Engineer: 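Quick one: the structure is below, questions incoming.
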Protein chains: 2
Amino acid sequence: MTTEESIINAAKEVFIRKGFQGAKMQEIADEAGINKALLHYYFRSKEKLFEQIFSGAFQQLIPALSKKLDETTDLETFIRFFVPFYTNFIQKNPHLPQFIIHELNQNPDRIRNLAAAQVFPFPKLSRMIAQAVAENKIRPIEHEHLIINMLSLIIFPIVGKPMIEGVIFNQNTESYQNFMAKRSDEVIETILNSIKPQKN
Amino acid sequence: MTTEESIINAAKEVFIRKGFQGAKMQEIADEAGINKALLHYYFRSKEKLFEQIFSGAFQQLIPALSKKLDETTDLETFIRFFVPFYTNFIQKNPHLPQFIIHELNQNPDRIRNLAAAQVFPFPKLSRMIAQAVAENKIRPIEHEHLIINMLSLIIFPIVGKPMIEGVIFNQNTESYQNFMAKRSDEVIETILNSIKPQKN
DNA sequence: TGTTAGTTTAACTAAATGGTTAAACCGTTT
DNA sequence: AAACGGTTTAACCATTTAGTTAAACTAACA
């Protein structure tokens with residue numbers, strides 16, 4: 001592993017765990033097993049190093065689902081694929097969403113440097129939802145609400161883990177894990193039920 | 001307004017906007033219009049001042065709904081009350097949940113000093129949900145999932161505002177506001193539909 | 001083998017930051 | 001008006017932290 005790679009890995013680790021303000025260049029250097037001056041040799045400043053980590057993390061969080069969407073024309077099929085896929089991804093990278101959300105709240109302008117250069121999978125999904133509504137396959141719902149409902153139900157339980165563990169599960173970590181194990185199935189059922197077409 | 005009050009107000013403002021690490025004692029002093037040494041005169045340290053602000057904010061976020069729950073026996077009635085109430089509260093204090101979530105993620109032990117000393121409204125709600133399931137008024141669902149579904153749908157769109165504005169609404173603030181205006185009604189419909197009892 | 005370009009390090013600098021101190025201020029009591 | 005307790009301030013201190021510098025090291029190459 002090159003020096004640059006170990007810096008990137010260490011910086012990822014520290015920035016995502018502690019945020020921009022909380023992360024210290026010395027800690028990143030220690031984590032990478034190198035001298036602090038080397039950080040500045042490879043990446044001029046803390047800001048520059050962070051920018052690299054942040055955009056990488058952002059690109060991970062908003063994954064390229066376009067491809068899978070191309071192959072999928074049925075909304076229910078998509079939901080049954082997307083929910084466990086994204087739940088699984090977030091559970092493997094539990095600090096990622098909180099990191100992005102926090103830094104974006106600290107400095108909302110950051111996203112302007114990223115969003116423009118990126119293609120998001122949502123336009124296709126939006127059309128798919130609108131079509132399902134038009135064909136009366138699901139109840140009338142604006143696609144933004146349905147998309148954000150899915151993201152909310154998946155991401156919030158991870159981002160709010162310490163709060164949920166404390167407030168709902170009385171600090172019982174095992175209960176929380178047990179809860180999360182069933183989460184994906186529960187979200188699928190919740191979402192699918194929530195959009196069933198009305199009878200009358 | 002006493003000096004202590006203006007310090008509390010300033011500290012609330014700065015801590016909630018910037019977090020513990022991001023907040024600087026000098027900035028709090030400036031915001032309060034006083035000398036930095038006065039902060040240490042009234043609250044010995046940054047840590048002590050923060051603790052006060054944090055537990056106050058936490059107590060706000062987990063509001064005492066017990067009372068309202070006592071008067072309400074019907075789950076649907078409760079949901080129709082709770083969702084707009086909480087949505088409204090969060091929209092008036094949009095930085096509060098992200099502040100709590102971030103600090104709790106940075107230092108999960110903090111909650112141990114708070115959760116124990118507090119009575120939460122959830123046990124009653126839990127029984128209400130279990131009863132509704134038993135009476136076949138709603139589909140089988142664990143009360144933890146339903147509670148967290150509600151919280152997720154309400155809190156995430158606020159906490160993730162910059163991300164949603166950027167990714168879903170292409171930086172169009174007006175679209176986001178328009179979306180949020182309908183959010184409460186949409187959440188009610190989503191939740192109520194998601195728990196309707198199954199036919200077969 | 002000596003030169004060179006790129007890499008790594010120890011030591012340093014300047015600014016920021018949390019916290020302290022001693023003196024000044026101010027209203028109340030005697 | 002002198003003394004007193006609580007309040008406020010300016011100046012200061014120690015530590016942390018991002019960033020710099022000059023020298024040492026290393027591998028490739030002339």
Side-chain angles (χ1 to χ4, degrees), chain A residues 1-58 95 99-100 102-107 109-110 113, chain B residues 1-58 95 99-100 102-107 109-110 113:
Chain A
M1 188 168 49
T2 72
T3 302
E4 195 169 341
E5 286 169 337
S6 40
I7 291 178
I8 291 276
N9 287 341
K12 235 181 241 169
E13 169 74 22
V14 176
F15 272 133
I16 290 181
R17 211 177 54 233
K18 307 228 172 152
F20 179 78
Q21 296 260 17
K24 304 301 164 196
M25 292 299 262
Q26 187 58 60
E27 193 184 344
I28 296 175
D30 293 348
E31 180 89 18
I34 50 137
N35 192 284
K36 181 166 70 80
L38 258 190
L39 297 181
H40 290 93
Y41 176 74
Y42 280 95
F43 307 85
R44 293 180 56 79
S45 65
K46 186 184 183 184
E47 189 69 39
K48 284 254 187 359
L49 177 54
F50 175 82
E51 213 55 62
Q52 197 133 140
I53 301 301
F54 180 77
S55 57
F58 188 79
H95 298 296
F99 169 66
I100 300 289
H102 178 246
E103 299 302 333
L104 240 32
N105 271 304
Q106 287 306 300
N107 184 357
D109 291 339
R110 276 199 224 283
N113 309 326
Chain B
M1 189 168 48
T2 72
T3 303
E4 195 169 342
E5 285 170 338
S6 40
I7 292 178
I8 290 276
N9 287 341
K12 235 181 240 168
E13 169 73 23
V14 176
F15 272 133
I16 291 182
R17 211 177 54 232
K18 307 228 172 152
F20 178 78
Q21 296 260 18
K24 304 301 165 195
M25 293 299 262
Q26 187 58 60
E27 193 184 345
I28 296 174
D30 292 347
E31 179 89 18
I34 50 138
N35 193 284
K36 181 165 71 81
L38 257 190
L39 296 182
H40 290 93
Y41 175 73
Y42 280 95
F43 307 85
R44 293 180 55 80
S45 65
K46 187 184 183 184
E47 188 71 41
K48 285 254 188 356
L49 177 55
F50 175 82
E51 213 55 61
Q52 198 133 140
I53 301 301
F54 181 77
S55 57
F58 188 78
H95 297 295
F99 169 66
I100 300 289
H102 178 246
E103 299 302 334
L104 240 34
N105 271 305
Q106 287 306 301
N107 184 357
D109 291 340
R110 277 199 224 283
N113 308 326

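None of these values were measured; they are calculated from a predicted model.
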Engineer: Base, backbone or nothing for each nucleotide of nucleotides 20-26 of chain D, written B, S, -, heavy atoms under 4.0 angstrom, 5' to 3'?
Structural biologist: BB-----
Engineer: Return the set of residues passing side-chain hydrogen bond (donor to acceptor under 3.5 Å, both in side chains) with B:Gln26 (not counting sequence neighbours), or none when no residue passes.
Structural biologist: B:Asp30
Engineer: Please report how far the helix from C:dT1-D:dA30 to C:dT30-D:dA1 bends, comparing the axis fitted to its first five pairs with the axis fitted to its last five, to the nearest 10 degrees.
Structural biologist: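 Here the helix ends are tilted 20° relative to one another.
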Engineer: Rounded to whole angstroms, how far apart are OH on B:Tyr41 and P on C:dA24?
Structural biologist: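 Those two atoms, OH and P, are 18 Å apart.
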Engineer: Could I get the full list of side-chain hydrogen bond (donor to acceptor under 3.5 Å, both in side chains) partners for A:Asn9, not counting sequence neighbours?
Structural biologist: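 Result, side-chain hydrogen bond (donor to acceptor under 3.5 Å, both in side chains) vs A:Asn9: none returned.
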Engineer: Sequence neighbours left out, what passes side-chain contact (heavy atoms from CB on, under 4.5 Å) with B:Asn107? Give chain and number order.
Structural biologist: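 Once residues adjacent in sequence are excluded, the partners of B:Asn107 under the side-chain contact (heavy atoms from CB on, under 4.5 Å) criterion are B:Asp109, B:Arg110.
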Engineer: For a quick test of your reading: what N or O donor-acceptor pairs under 3.5 Å do the side chains of residues 32-45 of chain A make, sequence neighbours left out?
Structural biologist:
{"unit_1": "A:Asn35", "atom_1": "OD1", "unit_2": "A:Ala37", "atom_2": "N", "d": "2.8"}
{"unit_1": "A:Ser45", "atom_1": "OG", "unit_2": "A:Lys48", "atom_2": "N", "d": "3.2"}

Engineer: Taking salt bridge (charged side-chain N to carboxylate O under 4.0 Å, His left out) as the cut-off, I'd like each qualifying pair that reaches into residues 1-13 of chain B, sequence neighbours left out, listed once.
Structural biologist: B:Glu13-B:Arg17
Engineer: Picking from C:dG19, D:dA18, D:dT7, which would you name as closest to the side chain of A:Lys46?
Structural biologist: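 Closest nucleotide among those given: D:dA18.
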Engineer: Could you tell me whether the side chain of B:Leu104 reaches within less than 4.5 Å of the side chain of B:Phe54, counting heavy atoms only?
Structural biologist: yes
Engineer: Can you name the residues that form a ring pair (Phe, Tyr, Trp, His ring centres under 6.0 Å) with B:Phe15, not counting sequence neighbours?
Structural biologist: B:Phe50
Engineer: Where along residues 8-29 of chain B does a heavy atom come under 4.0 Å from DNA chain D, residue by residue in number order?
Structural biologist: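 Within this stretch, nothing sits under 4.0 Å of the strand.
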Engineer: Return the set of residues passing salt bridge (Lys or Arg N to Asp or Glu O under 4.0 Å) with B:Lys46 (not counting sequence neighbours), or none when no residue passes.
Structural biologist: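 Result, salt bridge (Lys or Arg N to Asp or Glu O under 4.0 Å) vs B:Lys46: none returned.
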